[in-house]
*Asks:* 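Below is one structure. I have some questions about it.
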Amino acid sequence: MRVATWNINSIRARTDRAVAFLERTGVDVLALQETKVKDAAFPREPFEALGYEVVTHGFSQWNGVAILSRVGVQDVEVGFPGMPTWGDPAAAEARALGATCGGVRVWSLYVPNGREIDDPHYAYKLAWLGALRDAAAGWLEADPQAQTALVGDWNIAPLDTDVWDVDFFAGRTHVTPAEREAFAAFAHAGWTEVSREHVPAEHTYTYWDYQQLRFPKNQGMRIDLTYATPALAARVQGVTIERQERKGKQPSDHVPVVLDLAD
DNA sequence: ATGACATGTAAAACATGA
């Protein structure tokens, strides 16, 4: 089975690219982030025509997550228990969607950006990650044999070599010790970040800004990552970062990451 | 060539992204 994650930066702007990606790779489950569309306007038909079931969670133009699966979709869960809220009035954002597909529990996650270190959004990001860690620790404790994947855009570069120039990021989000500790806390709870295990090369990125020729210069960040439970990590045979998806017309600024699972 | 921001909302300029 193949499971992929992709921050697509608007599903309506890139429906054709998503369809072509599924046809080319044969991915069975695709977790999307930043769909930027309310549920009623999600372009379901092209995917259903390919044999995928479509579950979505989105409000208007911000955030938005979805899961496409051709191996079944069960026990859909919008948000995770204890997920922090944002805004005034405070509301849950469309950043987490869980579903069991082909026996694997998949969570499509769009971690808050954080904006600036002194912005309230940064504290929200850390609280969101802490609450997710607590939920995830509970899931694994309740079922040590669980096959669960936390996939998506974590908006954290765990290592200095996950960005092109650490000096550029000095004083900015994505690389602070607090964010890295919040990320490492999942490993301390027994989860394994499987993309690094299978693609260990340094300066291998999943995101390149649209500005400043970041992609041609290969000035990117590795921030689209996958934490797996031990039982699922043992099934991962390979990971592919689909760098070619950053090329061509109207790409997302992120590329898909594909996991190959043993049967 | 992989090329110099992009998206949705709303109807111009703005919030957001990282």
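These numbers come from the heavy atoms of this one structure, side chains and all, not from hydrogens, waters or symmetry mates. Quantities reported herein were computed from a predicted structural model and do not represent experimental measurements. Lettering follows sequence order; numbering is per chain, from 1.
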*Asks:* Which pairs, with at least one residue in residues 145-169 of chain A and sequence neighbours excluded, count as a salt bridge (charged side-chain N to carboxylate O under 4.0 Å, His left out)?
*Replies:* A:Asp160-A:Arg180, A:Asp162-A:Arg196, A:Asp162-A:Arg222
*Asks:* Looking only at side-chain N and O atoms, does A:Arg246 come under 4.0 Å of OP1 or OP2 in B:dA6?
*Replies:* no
*Asks:* Looking only at side-chain atoms of A:Gln212, point me to the closest of B:dC5, B:dG8, B:dT7.
*Replies:* B:dC5
*Asks:* Over 60° means perpendicular and under 30° means parallel, so classify the ring planes of A:Phe169 and A:Trp164, tilted if in between.
*Replies:* perpendicular
*Asks:* Mapping A:Leu213 and A:Gln250 to their closest nucleotides on DNA chain B, which lands nearer the 5' end?
*Replies:* A:Leu213
*Asks:* Using the P atom as the point on both nucleotides, what is the distance between B:dT2 and B:dA12, in whole Å?
*Replies:* 37 Å
*Asks:* Given the C1' atoms of B:dA4 and B:dG8, what is the spacing between them in whole Å?
*Replies:* 23 Å
*Asks:* Would you check if the side chain of A:Arg14 reaches a backbone N or O of A:Ile8 as a donor-acceptor pair within less than 3.5 Å?
*Replies:* yes
*Asks:* With nearest nucleotides of DNA chain B determined for A:Ser60 and A:Gly248 from heavy-atom distances, which residue corresponds to the more 5′ nucleotide?
*Replies:* A:Gly248
*Asks:* Are any of A:Arg214's side-chain N or O atoms less than 4.0 Å away from OP1 or OP2 of B:dT2?
*Replies:* no
*Asks:* Just how far, in rounded Å, is C1' of B:dA4 from NZ of A:Lys247?
*Replies:* 18 Å
*Asks:* With A:Trp62, which residues qualify under side-chain contact (heavy atoms from CB on, under 4.5 Å), at least two apart?
*Replies:* none
*Asks:* Base, backbone or nothing for each nucleotide of nucleotides 10-18 of chain B, written B, S, -, heavy atoms under 4.0 angstrom, 5' to 3'?
*Replies:* -----BSSB
*Asks:* Tell me whether A:Thr173 contacts the main-chain N or O of A:Gly114 through its side chain, where contact means a donor paired with an acceptor under 3.5 Å.
*Replies:* no
*Asks:* Once the angle between the rings of A:Tyr227 and A:Phe186 is folded into 0 to 90°, is it parallel (under 30°), tilted (30 to 60°) or perpendicular (over 60°)?
*Replies:* parallel
*Asks:* Can you tell me how far P of B:dT2 sits from CD of A:Glu242, to the nearest Å?
*Replies:* 16 Å
*Asks:* I'd like the P distance from B:dC5 over to B:dA11, given in whole Å.
*Replies:* 28 Å
*Asks:* For B:dG8 and A:Ser10 - does any side-chain N or O of the residue sit under 4.0 Å from the phosphate oxygens OP1/OP2?
*Replies:* yes
*Asks:* Given 3.5 Å as the limit, does a donor-acceptor pair link the side chain of A:Trp6 with the main chain of A:His254, or not?
*Replies:* yes
*Asks:* For the P atoms, the ones on B:dA18 and on B:dA13, what distance do you get once it is rounded to whole angstrom?
*Replies:* 26 Å
